[in-house]
Amino acid sequence: MNPKSLNISIETFDKLNEEHKFSDEYKAKKRAALKEYKKSTLPFHGMHFARIAVAACLILVVTPIAANAATGGEFWNRIWGNFGKGNVASHDEVVFEAEKGTSYTVTYPQRDYEAVDPQKAEELIGDNVSFEPIVKQFGDTTLTILSSVTDGNAAVVEFTLEREGGVNALNYSQLNNEAKGADFSDDADFYFGFKECSGSIFVDLEKSTSDKLYCYYYMTMTWGDGSGSLTLETEKYPCTRKELSANEGNAQEDLSNEIVAESISIPLKQQVETIEYTNPENGCAAVSPLSLKIDMTTGLGLTEEKAYDPYSVYYTAINYKDGTNYVITDQARDGLHSCETEIDNSSYVCGGLDNSLTFVFNRLVDTAEIDSITVNETTYTLK
């Protein structure tokens, strides 16, 4: 079969397998699916685990001097700045699906990054970042959680993966960083995720080597508020993910019985403060230096069905007192909104059970300098 080329946006590409039917049945299923998210973040959900292990990890002692050194300019600019994250112009990439014999021309949006002033970063969130490294071993691969921070709506975790001979647990590339982030490869014999969150893994290609990956996990809180800690959930398999999924019936059941699942508490410090802005109908937008959470149900003119759909938001910007703005997203919508170039300056975005939409920023926002927030055609001002 000859490949067929289609021009679609990255948003459409991400939703190729979704059905946008907003019936009562759809809404009920969505609510149920979101409630079950915490269980489905790990693969092979529903299998019987042979045993749930007590977390076996090493907690490193970090002195205040070491923590202060860790929060230098490179630390802030790697995670929230432009180190290893050069601006990306909008561009097209051809994606070929071998199983379907079909190719798609995917348009990736423009992404812009800004340098971080380390002193300002310390003022904004320095006291809220936890530096209590935790080490977890998966066979010949070492996971080290280096730092973590949350505002109750979003969380950011810095970690490394190390393996002599090359880290093979993740599929990662520049295009992965621009789209859905790195994902676990078929060669991986383990998996991990955060129980309270969903998110996207950015691999710092500039700083990383084949044997050691530096990664930043940008996440939204899908339940809970991250008070006190995050829960790192892990699974160690007796074989690779590819081998595990290739087996069927009793063979797969036997292998699944050997999976070891663990839960590890990742300490957090006090949450970063959020500030509420409201629109003329008292719809709320909660903003912090890390994220923006929008109530989709009030003041945006959306029906109940459309309030469920993140696609309903096509333009979002933080407007500063000096007249500049931070355009988080600017996406064309037929009959609603047009733009010369589509922009996505979020690190991750996700809808919630409460009809909210949360953007994790790709920079630090100085909330003291915000004048207003724009969502589509609606303006939010300080409550």
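None of the values given here were measured: they were computed from a predicted structure.
Between the side chain of Asn345 and the backbone N or O of Val327, at least one donor-acceptor pair lies under 3.5 Å. At least one donor-acceptor pair closer than 3.5 Å links the side chain of Asn279 to the backbone N or O of Thr298. Asp204 contributes no side-chain N or O that, together with a main-chain N or O of Tyr216, makes up a donor-acceptor pair within less than 3.5 Å. At least one donor-acceptor pair closer than 3.5 Å links the side chain of Ser148 to the backbone N or O of Pro267.
Here the side chains of Val203 and Asn176 are not in contact, with every heavy-atom distance at 4.5 Å or above. Using a 4.5 Å cut-off on side-chain heavy atoms (C-beta onward), His91 and Glu178 make contact. A heavy-atom distance below 4.5 Å is not found between the side chains of Val157 and Ile266. Here the side chains of Gln110 and Asp330 are not in contact, with every heavy-atom distance at 4.5 Å or above. A 4.5 Å side-chain heavy-atom check between Ile294 and Leu300 finds at least one atom pair inside the cut-off. Inter-residue side-chain proximity for Glu369 and Thr324 is flagged as unmet; no heavy-atom pair is nearer than 4.5 Å. Counting heavy atoms from C-beta outward, Gln174 and Leu205 have side chains that approach closer than 4.5 Å. Annotation: side chain of Thr234 is not in contact with side chain of Phe190 (no heavy-atom distance under 4.5 Å).
Minimum interatomic distance between Pro238 and Ile259 (heavy atoms only, all atoms of both residues): CD-CG1, 4.2 Å. Taking every heavy atom of both residues into account, Val116 and Ala121 meet most closely at CG1-CB, 3.7 Å. Between Leu268 and Ser130, the closest heavy-atom pair is CA-CB, 4.2 Å. The two residues Leu292 and Ile373 have their closest heavy-atom pair at CD1-CD1, 3.9 Å. Contact between Ser200 and Ser347 at its shortest, heavy atoms only, is CB-O, 3.9 Å. Of all the heavy atoms in Met221 and Gly226, the pair that sits closest is CE-N, 3.1 Å.
No side-chain donor-acceptor contact under 3.5 Å links Tyr218 and Ser346. Between the side chains of Asn376 and Thr378, no donor N or O sits under 3.5 Å from an acceptor N or O. Between Asp183 and Asn171, the side chains place a donor N or O and an acceptor N or O closer than 3.5 Å (distance only, hydrogens not considered).
Salt-bridge formation is detected for the pair Lys136/Glu262: a Lys NZ or Arg NE/NH1/NH2 atom is positioned less than 4.0 Å from an Asp or Glu carboxylate oxygen.
Environment of CD in Glu164: sparse, with no more than 12 heavy atoms of neighbouring residues, nucleotides or ligands closer than 6.0 Å. Heavy atoms of other residues, nucleotides or ligands lying less than 6.0 angstrom from CD of Gln119 number 12 at most.
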Ser227 vs Asp225, side chain to side chain donor-acceptor pair (under 3.5 Å): CA-CA, chis, key distance, verdict: CA-CA 5 Å; Ser227 296; Asp225 60 5; 2.5 Å; yes
Worked verdict on Thr329 versus Asp344 for side chain to side chain donor-acceptor pair (under 3.5 Å): CA-CA 5 Å; Thr329 184; Asp344 182 1; 5.2 Å; no
Side chain to side chain contact (heavy atoms under 4.5 Å, CB included) evaluation trace for Val313 with Met296: CA-CA 9 Å; Val313 171; Met296 299 276 281; 3.5 Å; yes
Trace of the side chain to side chain donor-acceptor pair (under 3.5 Å) decision for Ser291 with Asp151: CA-CA 8 Å; Ser291 73; Asp151 63 6; 2.6 Å; yes
Chi angles and distances behind the side chain to side chain donor-acceptor pair (under 3.5 Å) call for Asn168, Ser185: CA-CA 7 Å; Asn168 62 355; Ser185 71; 5.6 Å; no
Leu232/Leu143 under side chain to side chain contact (heavy atoms under 4.5 Å, CB included): CA gap, chis, key distance, verdict: CA-CA 11 Å; Leu232 176 69; Leu143 165 68; 3.9 Å; yes
Lys207 and Glu74: CA distance, side-chain angles, deciding distance, salt bridge (Lys or Arg N to Asp or Glu O under 4.0 Å) verdict: CA-CA 11 Å; Lys207 190 174 183 179; Glu74 181 174 359; 3.6 Å; yes
Evaluation steps, side chain to side chain contact (heavy atoms under 4.5 Å, CB included), between Val365 and Tyr320: CA-CA 10 Å; Val365 168; Tyr320 294 111; 3.7 Å; yes
Stepwise ring-ring contact (aromatic ring centres under 6.0 Å, His included) check, Tyr348 with Tyr217: CA-CA 9 Å; Tyr348 185 66; Tyr217 212 152; 8.5 Å; no
Asn153 and Ser288: CA distance, side-chain angles, deciding distance, side chain to side chain contact (heavy atoms under 4.5 Å, CB included) verdict: CA-CA 9 Å; Asn153 296 323; Ser288 82; over 6 Å; no
Salt bridge (Lys or Arg N to Asp or Glu O under 4.0 Å) evaluation trace for Glu206 with Lys85: CA-CA 8 Å; Glu206 181 181 79; Lys85 299 177 180 178; over 6 Å; no
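To the nearest 0.5 Å, atoms CD1 (Ile318) and OG1 (Thr367) are separated by 10.0 Å. Note: Asp211 CG to Thr142 OG1 = 11.5 Å, rounded to the nearest 0.5 Å. Considering OG1 of Thr374 and CD1 of Ile328, their distance stands at 10.0 Å, rounded to 0.5 Å. Put simply, CG on Asn77 and CG on Asp117 are 9.0 Å apart, with the number rounded to the nearest 0.5 Å. Atoms CD and OG1, on Glu342 and Thr107 in that order, are 7.5 Å from each other to the nearest 0.5 Å.
Residues Leu302 and Val349 share a hydrophobic cluster, clusters being chains of Ile/Leu/Val/Met/Phe/Trp/Tyr side chains in contact below 4.5 Å. Under the 4.5 Å side-chain heavy-atom criterion for Ile, Leu, Val, Met, Phe, Trp and Tyr, Leu124 and Phe359 are members of distinct hydrophobic clusters.
Listed by chain and residue number, Lys242, Glu243 satisfy the side-chain contact (heavy atoms from CB on, under 4.5 Å) test with Thr240 (two or more places apart in sequence, or in another chain). For Glu273, the side-chain hydrogen bond (donor to acceptor under 3.5 Å, both in side chains) criterion is met by no residue, not counting sequence neighbours.
Screening Thr222, Thr150, Thr231, Thr220 for a side chain to side chain donor-acceptor pair (under 3.5 Å) with Glu196, the sole residue that qualifies is Thr231. The side chain to side chain donor-acceptor pair (under 3.5 Å) with Tyr314 is formed by just one residue from the set His337, Arg333, Glu377; it is Glu377.
Aromatic pair Tyr191/Tyr237: centroids not less than 6.0 angstrom apart. Side-chain rings of Phe83 and Tyr214 stay apart, their centers remaining 6.0 Å or farther from each other.
Using cut-offs of 30° and 60° on the angle between ring planes, the pair Phe75 and Trp80 is perpendicular.
Contacts classified as ring-ring contact (aromatic ring centres under 6.0 Å, His included) and involving residues 361-383 (residues at least two apart or in different chains) are given here: Tyr326-Phe361.
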